[in-house]
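Okay, so here's the structure we're looking at.
In what follows, every heavy atom counts, from backbone to side chain, and hydrogens, waters and symmetry copies are set aside. Bear in mind that the values here come from a model prediction, so they are computed numbers and not experimental data. To find a chain, count down the sequence lines: A is the first, B the second, and so on, and within it residues start at 1.
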Protein chains: 2
Amino acid sequence: MVIRDQILAEATRRFAARGFDATTLKEIAEGVGIRSPSLLYHFKTKDELRRAVLEKLLSHWNDVLPRLLRAAASGEDQFERVAQEMVAFFAASPDRARLLVREVMDRPEEIQALIASHVLPWTRLVCDYIRKGQAEGDVQSEVDPEAYVIQVINLVVFSVATLDCFGALLEDQPSHERVWQRQTAELLRVARQSLFER
Amino acid sequence: MVIRDQILAEATRRFAARGFDATTLKEIAEGVGIRSPSLLYHFKTKDELRRAVLEKLLSHWNDVLPRLLRAAASGEDQFERVAQEMVAFFAASPDRARLLVREVMDRPEEIQALIASHVLPWTRLVCDYIRKGQAEGDVQSEVDPEAYVIQVINLVVFSVATLDCFGALLEDQPSHERVWQRQTAELLRVARQSLFER
DNA sequence: CCTACCGATCGGTAGG
DNA sequence: CCTACCGATCGGTAGG
């Protein structure tokens, strides 16, 4: 059963890096030391492999969700904690962000369904929290809760997916670490400043 | 010469919608009413067609740039004008945004070079403007100018590229027009509120 | 601008 | 898990 996971890991890396169509079963198979017909024993078709990769990503996400919500529910710094958790989830492996970007671009209808089932319930919760903040005067009244949440998700996912590309704009000798720090800090600042009343 | 432009337009649409690898010369050719060998008379290879498509996009951008800078240089509402111009450029044809996203994902090194030559000089100007605003107390001192500009570009490009995907999160019966309005308004608000001092 | 055709490579199958 | 092999399709060429 370990070979199955090796295939999934290799496929995730390749799909994220070069896209589903540009990745061949041969290179995935030989990346884990087998031939492509052997790969097709574990996953009957290339598309089944793609769906399995996506499923694993989403199940990971479902594991993290409760922790995220606990963080949001309790005490202060709710915003900071949720935002940090979200950034951490994608930062832990940027392939997740890249894979999502590719799916959004290549199969918008399919990803729409996944959004409806996996993130819509969650965004509703966050939107309620934002509206409560607006009623209490902590959150700017001009905020459009749903649109705001979408923009923040956009910001996090695409920042991670395109990190390496914009290093040259930031520093003369961009180190992955420094670029990541500056981008994350600014991302959180932008999200925070456009939400809370001062 | 008009057929060349037809090919470019068709290729732009297809590359933006399904990606370079997933698009065949046959479908582009027959989209403009010719056979694929005839297409290869106008563009010797598929990769030459890709580069021509990208070049056309960038030359369009270079035409818009001066107007953008004039808008920024004169009078008040500098921020509002530049931001509006940028949004308008991509909104005029979302394929531009989708194409850029795909290139960033598929050929990061190549797009890095284009960024260095086509957007780095421009971001420097904007960053100078931001720093001047910070010195005068109009702009929040916590803003990291370079990182801020990158995040705003991210926000604009990816908002346009993924517009249709997130309609379901916004409204029960999402119309393209309404979704676009809400997303754009919130995008500009987020950018504005995280920049200026109040 | 076309038809005819090329080698290479793709995802997938047969059979062991 | 392998070798051997399949039809389909790809980008590209020859020749007119």
Side-chain angles (χ1 to χ4, degrees), chain A residues 1-57 95 98-99 101-103 105-111, chain B residues 1-57 95 98-99 101-103 105-111:
Chain A
M1 188 57 69
V2 81
I3 184 73
R4 214 190 119 97
D5 293 334
Q6 280 182 287
I7 294 171
L8 277 175
E10 185 72 17
T12 301
R13 245 175 290 151
R14 305 260 183 184
F15 289 163
R18 323 209 314 117
F20 179 74
D21 284 303
T23 304
T24 68
L25 293 178
K26 193 166 178 271
E27 60 182 292
I28 299 172
E30 294 181 353
V32 301
I34 60 176
R35 306 283 181 184
S36 60
S38 308
L39 186 155
L40 287 163
Y41 165 77
H42 297 278
F43 302 92
K44 278 177 193 164
T45 66
K46 192 187 182 186
D47 200 68
E48 186 177 310
L49 176 55
R50 180 184 65 81
R51 277 182 276 111
V53 164
L54 213 66
E55 227 164 79
K56 200 182 181 187
L57 176 89
D95 283 343
R98 293 193 199 106
L99 214 58
V101 172
R102 291 196 181 278
E103 287 297 310
M105 299 293 293
D106 292 342
R107 274 164 285 272
E109 344 69 38
E110 196 170 322
I111 221 77
Chain B
M1 188 58 71
V2 79
I3 183 74
R4 215 191 118 96
D5 292 334
Q6 280 181 288
I7 294 170
L8 277 174
E10 184 72 18
T12 301
R13 244 174 290 149
R14 305 259 183 185
F15 289 164
R18 323 210 312 116
F20 179 75
D21 284 303
T23 304
T24 68
L25 293 178
K26 193 165 178 273
E27 62 182 290
I28 299 173
E30 295 182 352
V32 301
I34 61 176
R35 306 282 181 183
S36 60
S38 308
L39 187 154
L40 287 164
Y41 165 77
H42 297 280
F43 302 91
K44 278 177 193 164
T45 67
K46 193 186 182 187
D47 200 67
E48 186 176 310
L49 175 56
R50 180 184 65 81
R51 277 182 276 113
V53 165
L54 215 65
E55 229 164 78
K56 200 183 180 185
L57 176 87
D95 284 343
R98 295 193 198 106
L99 215 58
V101 172
R102 289 196 181 280
E103 287 297 312
M105 299 294 293
D106 292 340
R107 274 163 286 274
E109 342 70 38
E110 196 170 322
I111 221 77

Gap between atoms [atom1] and [atom2], on [X] and [N] respectively (whole Å):
X: I28(B); N: dT9(D); atom1: CD1; atom2: P; answer: 17 Å
X: I34(B); N: dT3(C); atom1: CD1; atom2: P; answer: 12 Å
X: L49(B); N: dC10(D); atom1: CG; atom2: P; answer: 15 Å

Which atom pairs, donor and acceptor, lie under 3.5 Å between side-chain atoms of residues 2-16 of chain A and protein residues at least two apart or in another chain?
from, atom 1, to, atom 2, distance (Å)
E10(A), OE1, R13(A), NH1, 3.1
E10(A), OE2, R14(A), NE, 2.9
E10(A), OE2, R14(A), NH2, 3.0
T12(A), OG1, L8(A), O, 2.7
R14(A), NH1, E27(A), OE1, 3.1

Q: For a salt bridge (Lys or Arg N to Asp or Glu O under 4.0 Å) with D106(B), tell me which candidate from R102(A), R98(A), R18(A) qualifies.
A: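 Exactly one option meets the salt bridge (Lys or Arg N to Asp or Glu O under 4.0 Å) with D106(B), and it is R102(A).
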
Q: Check P108(A) against M105(A) and note the closest heavy-atom contact, atom names and distance.
A: CD-O, 3.9 Å

Q: Nearest 0.5 Å please: distance from the OG1 atom of T24(B) over to the CD atom of E30(B).
A: 8.0 Å

(Q) Nearest 0.5 angstrom please: H42(A) NE2 to I34(A) CD1, how far? (A) 5.5 Å

Q: Determine the contact category for I3(B): base if any of its heavy atoms lies under 4.0 Å from a base atom, sugar-phosphate if only primed atoms, P, OP1 or OP2 are that close, otherwise nothing.
A: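 Contact class for I3(B): sugar-phosphate only.
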
Q: Could you encode protein contacts along nucleotides 11-16 of chain C as a string, one character per nucleotide from 5' to 3', using B for base contact, S for sugar-phosphate-only contact and - for no contact, with a heavy-atom cut-off of under 4.0 Å?
A: SBB---

**Q.** Range-with-range stems for DNA chain C, at least three Watson-Crick or G-U pairs under 3.5 Å
**A.** C:1-16 with D:1-16

**Q.** R35(B) atom CZ, over 12 foreign heavy atoms within 6.0 Å
**A.** no

(Q) Counting only heavy atoms from other residues, nucleotides and ligands, does the tally under 6.0 Å from NZ of K56(B) exceed 12? (A)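 Count over threshold, so yes.
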
Q | Side-chain touch K46(A)/F20(A), heavy atoms, less than 4.5 angstrom | A |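 Yes; the side chains approach each other to less than 4.5 Å.
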
Q) R35(A) side chain N/O closer than 4.0 Å to the phosphate oxygens (OP1, OP2) of dC1(D)? A)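 R35(A) to dC1(D) OP1/OP2: no side-chain N or O under 4.0 Å.
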
